[in-house]
Amino acid sequence: MKDFQVGDSVEVLDEDIAGTIEEIRGDQITILTQDGFPLVYQKRELVLKEQGIQVSNFEAHRIKLEKDKPQEKNATTLKPKQRNAPKMEVDLHIHQLVKSTKGLSNFDMLELQLETAKRQLEFAREKRIQKVVFIHGVGEGVLREELHYLFKKYEGLKWYDADYQKYGLGATEVYLLQNP
């Protein structure tokens with residue numbers, strides 16, 4: 001690389017500034033810009049104008065488009081707890097299913113809850129969802145027993161108590177075996 005000398009035309013790296021060298025003091029070089037302002041730069045921040053890189057508007061536009069292009073996201077690996085997490089939750093608490101229980105008997109409420117469970121189970125089967133958690137609450141255990149009776153009617157189902165830390169005793173997790 002050629003050493004800088006007073007009078008050389010230079011450009012500043014990483015900035016759109018060019019000028020002529022006015023003074024050199026060790027590594028500090030004072031340039032007089034094209035607008036007539038004296039600016040001081042380190043020697044490593046300058047290049048001789050004939051060595052300067054010329055970039056056309058087309059190339060600058062292409063580089064800008066490449067920078068603006070969305071980066072591909074790396075596939076995230078799931079932790080075992082997340083991998084085994086239920087894909088679908090169905091809350092069968094009656095206040096989640098109707099606005100008001102006024103005029104509904106206990107039998108009517110139970111039927112509504114079971115119909116909802118059946119409909120959601122069919123949906124999960126159609127969409128090939130493997131795990132469904134039915135949140136039934138603790139109560140007297142009537143809904144839980146009716147759900148287990150319903151699950152026995154289906155082939156290819158396994159069910160067990162859902163994650164205690166997340167749901168307590170009030171949920172049943174159903175695993176739907178997928179047919180090839």
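Since the structure is predicted, the reported quantities are computational estimates derived from the model, not experimental observations. Numbering of residues begins at 1 and proceeds along the displayed sequence. Just the heavy atoms: all of them, side chains too, but no hydrogens, waters or symmetry mates, feed the values below.
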task = Go through the steps to decide whether Val6 and Asp8 satisfy the test side chain to side chain contact (heavy atoms under 4.5 Å, CB included), and finish with yes or no.
result = CA-CA 6 Å; Val6 174; Asp8 283 345; over 6 Å; no
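- At least one side-chain heavy atom of Leu121 sits less than 4.5 Å from a side-chain heavy atom of Phe134.
- The stretch residues 19-41 participates, sequence neighbours left out, in these salt bridge (charged side-chain N to carboxylate O under 4.0 Å, His left out) pairs: Glu23-Arg25.
- Tyr41 has its side chain out of reach of Gln28: every pair of non-hydrogen atoms, C-beta onward, lies at least 4.5 Å apart.
- Residues satisfying the side-chain hydrogen bond (donor to acceptor under 3.5 Å, both in side chains) test with Asp91, not counting sequence neighbours, are His93.
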Side chains of residues 139-159: which donor-acceptor partners sit under 3.5 Å, not counting sequence neighbours?
{"residue": "Arg144", "atom": "NH2", "partner": "Asp161", "partner atom": "OD1", "Å": "3.0"}
{"residue": "Tyr154", "atom": "OH", "partner": "Glu122", "partner atom": "OE2", "Å": "2.8"}

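- Residues Thr101 and His95 have side chains that never bring a donor and an acceptor to within less than 3.5 angstrom of each other.
- Applying the under-4.5 Å side-chain rule to Ile, Leu, Val, Met, Phe, Trp and Tyr, the cluster around Leu169 extends to Val138, Tyr164.
- Atom OG1 of Thr20 sits about 8.0 Å away from atom CD1 of Ile31, to the nearest 0.5 Å.
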Donor-acceptor pairs are to be reported for all side-chain atoms of residues 107-118 against protein atoms at under 3.5 Å, with residues two or more places apart or in another chain.
{"residue": "Asp108", "atom": "OD2", "partner": "Ser105", "partner atom": "N", "Å": "3.4"}
{"residue": "Asp108", "atom": "OD2", "partner": "Ser105", "partner atom": "OG", "Å": "3.2"}
{"residue": "Gln113", "atom": "NE2", "partner": "Leu92", "partner atom": "O", "Å": "2.7"}
{"residue": "Thr116", "atom": "OG1", "partner": "Leu112", "partner atom": "O", "Å": "2.8"}

ask   = Yes or no on salt bridge (charged side-chain N to carboxylate O under 4.0 Å, His left out) for Lys166 and Glu89, after CA distance, side-chain angles and deciding distance?
value = CA-CA 12 Å; Lys166 186 170 183 181; Glu89 288 183 357; 3.3 Å; yes
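- Side-chain contact check for Asp3 versus Lys43: some heavy-atom pair is nearer than 4.5 Å.
- A 4.5 Å side-chain heavy-atom check between Thr30 and Ile21 finds every atom pair outside the cut-off.
- Put simply, the side chain of His136 reaches to within 4.5 Å of the side chain of Thr172, judged on heavy atoms.
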query = Which is it for Val132 and Phe123 under the side chain to side chain contact (heavy atoms under 4.5 Å, CB included) test, yes or no, and what are the steps along the way?
reply = CA-CA 10 Å; Val132 183; Phe123 174 81; over 6 Å; no
